[in-house]
Amino acid sequence: MVEPAATVESVFREEHGRLLAALVHRFGDLDLAEEVASEALEAALVHWPVDGVPERPGAWLLTTARRRALDRVRRDRVYATRLAELAVDTERHASYEPPGTGELPDDRLELFFTCAHPALAADDRVALILRCLGGLTTNEVARAFLVPSSTMAQRIVRAKKKIRGARIPFRVPGPDELPERLPVVLAALYSIFTEGYIASSGEHLQRPDLAEEAIRLTRILHRLMPAEREVSGLLALMLLVHARRDARTDPSGAVMLLDAQDRTLWDRAMIDEGSALVVAALTGGPPGPYGVQAAIAALHDEASDVDSTDWPQIVALYDVLTALSPSPVVALNRAVAVAMRDGPAAGLELLDGLAEEPSLRDYGPYVVARAGLLGRVGRKGEAAEAYRRALELAGTEPERRHLEARSAELSRSREL
C-alpha cells in the first residue's frame with residue numbers, strides 16, 4: 001500500500017515545475033511562488049490523507065497556492081510593494097509585439113526563457129531553471145554540473161539574490177531576445193532529459209516522466225524555431241536515445257547494457273523521426289554539439305548489434321564534438337568509443353589520463369567504465385576495487401544490483 005505522504009511527494013515532484021511556472025507567470029515573484037508552493041504541499045499533506053487525493057491534484061495544488069499568495073499580498077505590505085514594482089518594471093521593459101509572433105505556447109517554457117536572463121551567469125541561469133522549474137532537486141542539479149551539492153545550493157541562492165537585487169522582471173522575452181537565450185534553455189532541457197534517462201537516485205533506473213516532458217517542450221521549441229539547427233539536433237538526440245527506453249531494463253528492472261539489449265524493443269518510429277532530424281541539424285552550416293551527439297546516437301541505433309556499430313565513425317564524431325564543446329564527460333565517452341575501436345588497453349590509457357580531472361573523481365560512469373576496462377585487460381584486483389568504489393557512488397537500486405552482480409562475477413573469475 002502506498003503511503004499518503006509518498007503519494008503527495010510523488011504528485012508534488014511531478015507538478016512542481018508547472019506549479020511554479022504558473023505562479024511566477026501570475027505574480028512575477030519567484031520567492032513568493034516558492035513559498036506558497038511549499039505551503040500548498042503542506043496543506044496537501046494535511047488534507048489528502050483524510051479527504052483522498054483529488055482527481056486533478058495539480059489543479060488542487062495550484063488553486064491552494066494561488067489563494068495563499070493572494071492572502072500574502074493582501075496582508076503583507078512588503079510583498080504588495082514588491083509586486084507593484086515588478087509590474088512597473090515589466091511594463092517599462094515590455095515592447096509591442098504583433099499577436100501570434102514569437103509566442104511561446106507553454107507557461108513553463110515561457111519561464112525557462114524568462115530565467116535565462118543575460119544578467120545572470122550562464123551556469124547560474126541553467127541551475128535556476130533546473131531547480132525551480134525543471135523538477136530537479138539541488139542534488140540532481142549538482143550531478144548535472146558535476147559539482148558538490150553545497151556548491152550548487154550556493155549558486156542557486158546567488159542567482160535568486162541577483163534577480164532580487166537587480167529587480168530583474170519576470171517577463172516573457174520578445175522574439176528578438178529568444179536566440180540569445182536559446183543555448184541556456186537547450187542546456188536546461190537536455191539536463192532534464194538526462195535525469196530522466198538515468199536517474200540520480202531512487203528505485204528505478206529511468207524517470208520517463210522527466211524524459212517525456214523534456215521531449216514535449218523541445219518539440220514546442222522546434223515548432224516555434226524550425227530553422228534553429230541545434231533545436232533540431234537536441235530533439236533528434238532525445239528521440240534517438242529515448243527510443244531505447246524499453247530495452248534498458250529487463251522485466252525485473254535489472255539494468256541491460258547496450259550490448260545485451262533486445263533491439264527489437266527499440267522504438268523504430270522514434271528512431272526514424274530522430275534520424276530525419278539529424279539530417280536537418282547537420283545541413284546548412286557548421287555542426288553544433290547537439291547535432292553531433294545526435295549523429296552518434298543515430299549510428300548506435302542503426303547498428304544491428306554492438307560489434308557491427310561503426311566505431312571508427314563514432315570516434316571521429318567525438319573528435320568533432322571535442323573541438324566544439326570540450327568537457328571531461330565528452331573525453332570519457334570518447335575513451336569508451338576508442339576502447340571499442342582499438343581495444344580495452346587503448347581506452348584505459350585515455351581514461352587513466354583523465355584520473356586527475358576533479359569533476360570525474362566521484363562521477364559514477366567514469367569509475368564504472370574504468371572498472372570494466374580494467375577487468376578486460378586482466379587487472380582484476382584493480383577492477384574489483386573500482387567496482388567497490390562505483391557501488392559507493394551508485395544512485396539507483398538497479399545500478400547497485402548491476403554493479404554487485406558484475407563485482408561477484410569478477411570475484412568468481414578470479415577464483416578460477
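Small disclaimer: the values here were computed from a predicted structure and weren't measured.
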Quick one, Leu146 with Val329, criterion side chain to side chain contact (heavy atoms under 4.5 Å, CB included). Give me CA distance, side-chain angles, the key distance, then yes/no. CA-CA 10 Å; Leu146 304 184; Val329 173; 3.7 Å; yes
Output, in order, the C-alpha distance, side-chain angles, deciding distance and verdict of salt bridge (Lys or Arg N to Asp or Glu O under 4.0 Å) for Arg263 and Asp305. CA-CA 8 Å; Arg263 300 190 178 208; Asp305 54 40; over 6 Å; no
Sidechain-backbone polar pair: Thr63 side chain, Trp60 backbone, donor-acceptor under 3.5 Å: no
Please say which of Arg66, Arg67, Arg68 ends up in a salt bridge (charged side-chain N to carboxylate O under 4.0 Å, His left out) with Glu39. Arg68
Looking at Trp266 versus His242, is the centre-to-centre ring distance below 6.0 Å? no
Between Arg131 and Thr138, a side-chain donor and acceptor under 3.5 Å: yes
Apply the test side chain to side chain contact (heavy atoms under 4.5 Å, CB included) to residues Leu350 and Val336: give CA-CA distance (whole Å), side-chain angles for both, the deciding distance (0.1 Å), then the verdict. CA-CA 9 Å; Leu350 293 175; Val336 172; over 6 Å; no
Shortest non-hydrogen contact between Ala236 and Gly274, atoms and distance: CB-O, 3.4 Å
Donor-acceptor contact present, side-chain Glu230 to main-chain Gly291, <3.5 Å: yes
Can a salt bridge be assigned to the pair Asp124 and Lys162 using a cut-off of 4.0 Å between side-chain N and carboxylate O? no
Using atom types as modelled and distance alone, determine if a side-chain donor or acceptor of Trp311 lies under 3.5 Å from a backbone N or O of Ala339. no
What heavy-atom pair brings Leu19 and Ala37 nearest, and what distance separates the two atoms? CD2-CB, 3.8 Å
Results of side chain to side chain contact (heavy atoms under 4.5 Å, CB included) for Ser407 - residues two or more places apart only: Tyr387
Could you check whether any side-chain N or O of Arg207 sits under 3.5 Å from a backbone N or O of Gly196, counting only pairs where one atom can act as donor and the other as acceptor? no
If we only count heavy atoms from C-beta on, is the Glu357 to Tyr366 side-chain gap below 4.5 Å? no
Would you sort out whether Ser232 and His222 count as a side-chain hydrogen bond (donor to acceptor under 3.5 Å, both in side chains), showing the intermediate values? CA-CA 6 Å; Ser232 298; His222 187 253; 3.2 Å; yes
Taking 4.0 angstrom as the limit, do Glu404 and Arg401 come out as a salt bridge? no
Under the side chain to side chain contact (heavy atoms under 4.5 Å, CB included) criterion, do Leu239 and Arg219 qualify, and how do the steps go? CA-CA 10 Å; Leu239 293 172; Arg219 283 192 187 281; 3.5 Å; yes
Does some side-chain heavy atom of Leu240 sit less than 4.5 Å from a side-chain heavy atom of Leu277? no
Flag, side chain of Glu195 to backbone of Ser200, donor-acceptor distance under 3.5 Å: yes
Quiz question: by atom type and distance under 3.5 Å, do the side chains of Asn139 and Thr137 form a donor-acceptor pair? no
Check against salt bridge (Lys or Arg N to Asp or Glu O under 4.0 Å), Arg143 and Glu140: CA-CA 5 Å; Arg143 176 179 179 261; Glu140 290 164 353; over 6 Å; no
Nearest heavy atoms of Ala390 and Val368, plus distance in Å: CB-CG2, 3.7 Å
Of all heavy-atom pairs between Leu410 and Ala384, which one has the smallest distance, and what is that distance? CD2-N, 3.3 Å
Between Arg244 and Leu258 (side chain of the first, backbone of the second, donor and acceptor by atom type, cut-off under 3.5 Å), is there such a pair? no
Exercise: identify the closest heavy-atom pair between Leu324 and Pro289: CD1-N, 4.0 Å
Test item: Thr194 side-chain N/O and Tyr190 main-chain N/O as donor-acceptor pair under 3.5 Å: yes
Taking all atoms of both residues into account, what is the closest heavy-atom pair of Leu62 and Ala22, and its distance? CD1-CB, 3.9 Å
One pair to check against side chain to side chain contact (heavy atoms under 4.5 Å, CB included): Val315 and Tyr318. What are the steps and the verdict? CA-CA 5 Å; Val315 173; Tyr318 271 120; 5.6 Å; no
Between Arg248 and Gln206, a side-chain donor and acceptor under 3.5 Å: yes
